[in-house]
Amino acid sequence: MDWMQLAWGRRRVRIWLFVVAAVACLLAFSARPEGGWLTQLHGGALVPSVVLLVFGAALLCEYVDSSLGMGYGTALTPVLLMAGFEPVQVVPAVLLSEFLTGIAATLWHHRDGNLNLLVDHEARTTALLIGGLSGMGAVVAVLLAMLLHTKLSSDWLSLIIGLIVLSMGILILVTLRRRFQYRRSHLLAVGAVAAFNKGLSGGGYGPLVTAGQVVSGVSSKQAVGVTSLGEAITCFVGLVAYMLLGGGIHWGLAVPLTAGALLSVPVATLTVRRMGETHLRAIVGVVTCVLGAIVLVKLLF
């Protein structure tokens, strides 16, 4: 059985490489100045090299996110801004791509055995708690922002979230081989804090939810899969709210972004399946510490 899985994994990677190359060529051809359908969607001149940069950056960032449960928006948004896109173009495109990718990643994690929502009661309970809290958190996000934004300093909020994320990362690393007891109350607290932070600051969801699940007794593989589902729900609600408020989607950015993010999923879930639980947990702990430290360092500069 192992050699069959190994052979299928290699076949998947070969097919994946072919599809990635084909889609990259299609995007570059479609972004030509005259007659390209992506240029027509964009409504103006597109540079093929920028389109390929967006495609490649989304592919890399979502691979990390679907493998570790964090990092897509945090790493990708600065790249898109430096590429010349406006925040009003970036936000809905990122929400759309992360919604579709979160759904795809959940299904692929289930397919690869990293997360089984049909027979695993613990995984199903965790997904319902995190998914439900994420949806409710996104719905009340606008109200919270309106009520508390002028009363709560964003620096203090960033300091609190940075310290929580860094503490969770350190806790994961110092208890690397210890299995925590599964506690629903801890999951409720983690989901509530993550949704609250997402609504007010727009970031830090992945590190909080993924690391929070691990220190609440959820295996790191299940935590990564459940985080993908929670992010999909949060982004869907955020995208609907954005559209209801009159916002639009910049398809010249959204198409290569979504294509790159979606194509990363099959190899990301395969990576999680092949990786040992302890190794994955160690990487999650290290990345969580790094992201928490980045939040704190940003407060100093």
Side-chain angles (χ1 to χ4, degrees), residues 65-72 98-141 144 161 164-165 167-169 171-172 175-199 204-238 265 268-269 271-273 275-285 287-288:
D65 194 284
S66 293
S67 301
L68 302 177
M70 63 190 82
Y72 181 70
E98 199 159 14
F99 160 61
L100 295 175
T101 308
I103 296 295
T106 304
L107 296 175
W108 275 92
H109 277 303
H110 179 84
R111 182 193 180 285
D112 283 337
N114 303 323
L115 173 73
N116 194 329
L117 296 174
L118 297 180
V119 301
D120 191 329
H121 176 71
E122 185 177 294
R124 192 163 56 245
T125 301
T126 303
L128 288 173
L129 287 174
I130 297 298
L133 284 168
S134 299
M136 287 188 290
V139 169
V140 301
L144 286 174
I161 297 302
I164 293 175
V165 171
S167 301
M168 286 185 175
L171 182 60
I172 290 173
T175 59
L176 202 55
R177 298 186 181 279
R178 175 185 169 187
R179 178 65 191 265
F180 292 97
Q181 185 178 355
Y182 183 75
R183 295 181 185 277
R184 294 182 184 179
S185 58
H186 290 186
L187 288 171
L188 283 170
V190 166
V193 171
F196 180 80
N197 174 56
K198 185 75 174 179
Y205 180 86
L208 275 173
V209 170
T210 305
Q213 288 178 81
V214 173
V215 299
S216 299
V218 179
S219 75
S220 55
K221 293 187 178 184
Q222 284 187 2
V224 170
V226 169
T227 300
S228 295
L229 178 61
E231 284 181 331
I233 295 172
T234 303
C235 290
F236 174 73
V237 176
V265 171
T269 58
T271 302
V272 174
R273 188 180 76 181
M275 198 176 296
E277 179 72 23
T278 302
H279 289 159
L280 180 60
R281 189 167 165 174
I283 295 173
V284 168
V287 175
T288 302

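All of these numbers come straight from a predicted model, not from anything done at the bench.
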(message) Please enumerate all residues that pass side-chain hydrogen bond (donor to acceptor under 3.5 Å, both in side chains) together with Arg183, with sequence neighbours excluded.
(response)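 Testing Arg183 for side-chain hydrogen bond (donor to acceptor under 3.5 Å, both in side chains), a comparison that skips the adjacent residues, returns Gln181.
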Nearest heavy-atom pair of [X] and [Y]: which atoms, and what distance?
X      : Y      : answer
His186 : Val215 : ND1-O, 4.3 Å
Leu280 : Ser220 : CD2-OG, 3.6 Å
Ala105 : Thr269 : O-CG2, 4.0 Å
Asp65  : Tyr72  : OD2-N, 3.0 Å

(message) Just so I know, are the side chains of Asn114 and Trp108 near enough to count as touching, which here means a heavy-atom distance under 4.5 Å?
(response)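 Side-chain contact under 4.5 Å: no.
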(message) Measuring only between side-chain heavy atoms, which start at C-beta, is Thr106 closer than 4.5 Å to Leu117?
(response)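 SC-SC contact between Thr106 and Leu117 confirmed.
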Scan the side chains in residues 221-232 for donor-acceptor partners under 3.5 Å anywhere in the protein, sequence neighbours excluded, and list what turns up.
{"unit_1": "Lys221", "atom_1": "NZ", "unit_2": "Val272", "atom_2": "O", "d": "3.4"}
{"unit_1": "Lys221", "atom_1": "NZ", "unit_2": "Arg273", "atom_2": "O", "d": "3.2"}
{"unit_1": "Lys221", "atom_1": "NZ", "unit_2": "Met275", "atom_2": "O", "d": "3.0"}
{"unit_1": "Gln222", "atom_1": "NE2", "unit_2": "Asp120", "atom_2": "OD2", "d": "2.7"}
{"unit_1": "Thr227", "atom_1": "OG1", "unit_2": "Thr210", "atom_2": "OG1", "d": "3.0"}
{"unit_1": "Thr227", "atom_1": "OG1", "unit_2": "Gln213", "atom_2": "NE2", "d": "3.1"}
{"unit_1": "Thr227", "atom_1": "OG1", "unit_2": "Ala223", "atom_2": "O", "d": "2.7"}
{"unit_1": "Ser228", "atom_1": "OG", "unit_2": "Val224", "atom_2": "O", "d": "3.3"}

(request) Please round to the nearest 0.5 Å and tell me the distance separating atom CZ of Phe99 and atom OG1 of Thr234. (result)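 Separation between the atoms: 11.5 Å.
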(message) So, taking the atom named CD1 in Ile103 and the one named CD in Glu98, what distance separates them when rounded to the nearest 0.5 Å?
(response)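 Going from CD1 on Ile103 over to CD on Glu98, the span is 11.5 Å.
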(request) Assess whether side-chain contact (heavy atoms from CB on, under 4.5 Å) is satisfied between Arg184 and Thr125, documenting all intermediate values. (result) CA-CA 8 Å; Arg184 294 182 184 179; Thr125 301; 3.7 Å; yes
(message) If you count heavy atoms of other groups shown closer than 6.0 angstrom to CZ of Phe236, is the number above 12?
(response)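 For Phe236, atom CZ is not crowded (no more than 12 foreign heavy atoms under 6.0 Å).
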(message) Asn116 and side-chain contact (heavy atoms from CB on, under 4.5 Å): which single residue from His110, His109, Arg124, Glu122 fits?
(response)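 Exactly one pass, corresponding to His110.
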